[in-house]
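I have placed the structure first, in the form of structure tokens, so that the comments after it can refer back to it.
In what follows, chains are A, B, ... by sequence order, proteins preceding strands, each numbered from 1.
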Amino acid sequence: MSVTEAPDLKSRLEPYFAFVGPLVMILMILLFMGVMEPARYFRISNLNIILLDAALYMPMAMAMTFVITQRGIDLSIGSVAALTAILMAFLVKGYGFPAWLGVLSAIAIGALLGLVNGLVITKFRVPDLIGTLAMDLVYRGFALVLAKGLVLARFPELITGIGRGQIPGFVPIPVVIGIATFIAGAIVLRNTYFGRYTIAIGSNPEAAEMTGIAVDRHRVYAYVLMGAAAGLAGVMLTGKLNAIQATSAPYFNLHVIAAVVVGGTSLFGGRASMIGSFAGVLLLSMMINALVTLRIEFFWQSVASGVVIISSVALYTWLQKKDRDGSGGLITALRTPDNARLLRLAGGLGAALILFLILGFLFAGQTVPSG
Amino acid sequence: MSQASEPIVSMRQITKRFGGVTALNDVDLDARAGEVLAIVGDNGAGKSTLIKILTGVFQPTSGTIELDGEALAMNSHADAIERGIDAVYQTLALADHLDPAANLFLGSELTKSVLGIRFLDNRKMRSEAERVLADRLGVHLKSMDAETSSLSGGQRQAVAIARAVYNRNLRILVMDEPTAALGPQETARTLKLIEVLREQGLAIILISHSLDDVFAVSDRIQVMRRGRRVGTVVTKETNRQEVLGMIVGAGEMAQEAM
């Protein structure tokens with residue numbers, strides 16, 4: 001009896017793995033910080049900082065969940081956010097638009113830029129990775145052309161409210177916005193054509209096509225949603241800093257992708273987890289805040305995001321693998337002929353590098369300070 | 001019994017050319033209600049092209065299709081579905097990450113209106129899916145929540161068939177190699193499904209490489225060879241040798257000799 005029930009339990013738990021993964025990591029961070037720096041990490045003001053930081057990424061992570069579930073990717077969101085924010089700044093500060101219209105225009109502009117991404121991918125058949133990477137250059141270029149080196153600062157109260165306002169005795173306004181977008185995203189994923197077809201397209205594009213789903217149209221929708229979310233993030237970033245410049249938001253894309261992937265949404269398509277993405281955003285913000293609290297240099301953030309992406313994708317791929325028998329651990333794996341060759345290659349490269357370093361030190365001349 | 005009834009669909013003198021290649025040459029096909037017509041033949045014999053014309057995916061170069069005695073012109077697979085002709089493909093065309101109900105209704109979801117906005121009616125789709133699987137196919141899935149990827153080959157087949165039979169108009173169901181990827185037990189179950197559907201009065205066209213399956217469920221066998229119809233035989237009145245002979249071409253020679 002118990003033998004037949006064991007796999008049943010596992011398959012019943014499987015949908016929740018996505019949420020449990022980041023949750024375990026969040027707990028580990030909490031434990032670690034509880035030992036290392038409890039006083040500074042667990043202050044209310046610090047928790048507010050974490051939430052404020054996480055809120056910025058929430059709309060984008062929600063939209064990116066749809067994009068990635070369709071087997072897509074969007075590497076242009078940082079530039080979309082910067083460009084929309086700068087255009088909004090011009091509209092509000094240069095042309096005297098009322099703040100609320102500026103915000104709505106920003107979201108519409110973001111959606112439009114997302115539409116361009118989607119059309120580039122579906123109509124010109126440029127692979128999403130290259131297409132959005134190239135559009136990232138285009139959008140960033142426009143932002144630089146428009147704003148030059150200027151820092152546009154001092155925005156109306158509505159925009160700073162969206163970026164860093166506080167509901168007295170409650171959470172910051174951007175957190176409310178972020179959570180609201182996630183709830184909307186979860187409903188769209190579960191209860192609309194777009195959500196259903198997003199999963200179908202990512203799960204089996206040919207089948208989706210055969211059952212009469214307009215695959216390309218729904219892929220464009222995902223990029224439009226992504227663009228609108230990036231536009232909203234641009235507004236939130238502008239409000240949070242009360243300033244914007246063309247080089248703002250350089251790491252949005254990988255940060256958001258990391259959050260979505262760590263939350264259990266599969267890069268191979270078809271598997272979406274809204275609540276996982278939410279947990280992923282929280283996890284990354286807590287991790288980065290922990291690095292700051294431990295007085296580790298800011299640039300390690302980029303290292304940490306990269307490591308999180310690789311390790312979570314590798315972990316989920318391993319969990320997905322049905323047949324784990326007979327692999328026999330690391331040592332046997334290293335003994336296979338192919339891996340032995342790779343090992344020799346790695347050894348050779350290492351030896352060559354060591355040789356070069358030794359030679360370099362032996363023949364070292366006068367050092368030239370670069371400064 | 002099958003000889004008596006009029007065919008639902010008759011394909012007459014169907015020819016299909018792709019550029020200079022003639023895939024089908026003067027092929028006829030009749031499908032009758034409550035009957036399983038098997039189409040057999042070697043690779044490249046024109047089986048797939050023939051059923052793709054019947055299901056509206058391809059349009060014939062020449063020849064006519066009649067449905068209930070009326071000329072039928074189809075421009076797409078959707079036209080065929082509307083006229084009650086559908087197919088279950090070998091790949092099944094299932095999205096493995098969705099649950100069975102979502103797959104059954106994929107592309108034709110049931111909706112409900114909330115505040116004027118159309119939302120998917122997941123609950124209704126689930127109960128309908130359960131009803132169709134149980135009533136039409138006699139299949140009970142252990143869990144309607146599990147992803148389709150966790151189902152067995154036969155259950156996945158049932159979901160794909162249920163998608164076709166949910167259409168009340170459905171009268172002709174084409175099954176392309178339904179048992180090719182299944183083990184013996186699952187194959188037996190799928191053949192059972194075919195029999196159940198036949199009893200419900202559907203015309204079933206079964207494409208198969210397995211003569212075992214063909215002799216187990218079919219009423220008539222249409223043999224194709226090099227884009228032509230070699231012949232159509234009544235299953236009860238023939239045997240494996242004769243059919244095999246027709247597939248490889250020995251039958252032609254024999255007929256010529258007679």
Side-chain angles (χ1 to χ4, degrees), chain A residues 4-5 7-18 65-66 68-71 184 186-215 217-218 264-274 276 316 319-322, chain B residues 52 55-57 76-82 86-115 117-126 142-143 145-151 156 159-160 162-164 166-167 174 176:
Chain A
T4 54
E5 265 166 37
D8 222 21
L9 185 71
K10 186 181 167 282
S11 62
R12 209 172 288 175
L13 280 180
E14 211 146 10
Y16 305 102
F17 276 175
T65 307
F66 285 95
I68 290 181
T69 302
Q70 293 187 355
R71 299 194 188 178
I187 292 170
V188 168
L189 183 65
R190 237 189 93 71
N191 293 311
T192 68
Y193 284 117
F194 172 59
R196 178 64 41 89
Y197 294 169
T198 287
I199 299 176
I201 290 166
S203 179
N204 191 343
E206 294 81 24
E209 194 89 60
M210 279 169 110
T211 48
I213 294 171
V215 172
R217 180 157 53 88
H218 285 92
T265 296
S266 170
L267 277 174
F268 308 110
R271 195 174 300 275
S273 172
M274 242 351 129
Y316 285 118
L319 282 175
Q320 286 300 305
K321 200 173 149 193
K322 298 277 184 246
Chain B
K52 278 186 177 153
T55 55
V57 178
S76 70
H77 186 38
D79 284 350
I81 293 174
E82 204 177 304
D86 205 349
V88 175
Y89 303 97
Q90 188 177 357
T91 54
L92 300 183
L94 297 175
D96 275 342
H97 295 90
L98 290 170
D99 63 35
N103 261 309
L104 207 156
F105 287 96
L106 196 59
S108 54
E109 282 78 4
L110 303 179
T111 57
K112 62 185 171 192
S113 183
V114 179
L115 304 171
I117 307 168
R118 300 212 72 78
F119 285 102
L120 301 186
D121 194 342
N122 287 320
R123 194 174 304 162
K124 179 139 187 247
M125 280 194 266
R126 167 162 316 187
K142 218 186 321 172
S143 163
D145 295 314
E147 286 185 357
T148 307
S149 61
S150 70
L151 301 180
R156 290 159 50 80
V159 172
R163 176 156 69 198
Y166 185 73
N167 180 357
V174 178
D176 187 4

(message) Tell me the closest heavy-atom pair linking A:A200 and B:A95, and the distance in Å.
(response) CA-CB, 3.9 Å
(message) Going by side chain to side chain contact (heavy atoms under 4.5 Å, CB included), name the residues that satisfy it together with A:F194, two or more places apart in sequence or in a different chain.
(response) A:F66, A:Q70, A:V188, A:T192, A:T198, A:H218, A:Y221, A:A222, A:L225
Under 4.5 Å heavy-atom distance to chain A, tell me which part of [X] shows up: side chain, backbone, both or neither.
{"X": "B:A78", "answer": "neither"}
{"X": "B:T111", "answer": "side chain"}
{"X": "B:L106", "answer": "both"}

(request) State, yes or no, whether a side-chain contact exists between A:R196 and B:N122 at a heavy-atom distance under 4.5 Å. (result)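 Heavy-atom side-chain distance check passes, below 4.5 Å.
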(message) Within the 3.5 Å criterion, strictly below it, is a donor on A:N204 or B:D96 matched to an acceptor on the partner's side chain?
(response)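 Short answer, no.
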(message) Heavy-atom pairs under 4.5 Å with chain A: which of B:V114, B:L98, B:N103 has the most?
(response)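 So the answer, after comparing B:V114, B:L98, B:N103, is B:L98.
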(message) Is it the case that atom CZ in B:R123 sees more than 12 heavy atoms from other parts of the structure closer than 6.0 Å?
(response) no
(message) Can you tell me if A:R190 has over 12 outside heavy atoms packed within less than 6.0 Å of its CZ?
(response)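 Atom CZ in A:R190 is not crowded, with 12 or fewer foreign heavy atoms closer than 6.0 Å.
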(message) Distance check, rounded to the nearest 0.5 Å: B:E109 atom CD versus A:I213 atom CD1?
(response) 6.5 Å
(message) For the NE2 atom of B:H97 and the OG1 atom of A:T69, what is their distance to the nearest 0.5 Å?
(response)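 B:H97 NE2 to A:T69 OG1: 9.5 Å, rounded to 0.5 Å.
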(message) Under the rule for salt bridge (Lys or Arg N to Asp or Glu O under 4.0 Å), what residues qualify as partners of B:R126, not counting sequence neighbours?
(response) B:D99, B:D145
(message) Just so I understand: if I count every heavy-atom pair under 4.5 Å between each of A:S203, A:A272, A:A207, A:G212 and chain B, which residue has the most?
(response) A:S203
(request) Answer with side chain, backbone, both or neither: which region of A:I187 has an atom nearer than 4.5 Å to a non-hydrogen atom of chain B? (result)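 Only the side chain of A:I187 comes within 4.5 Å of chain B.
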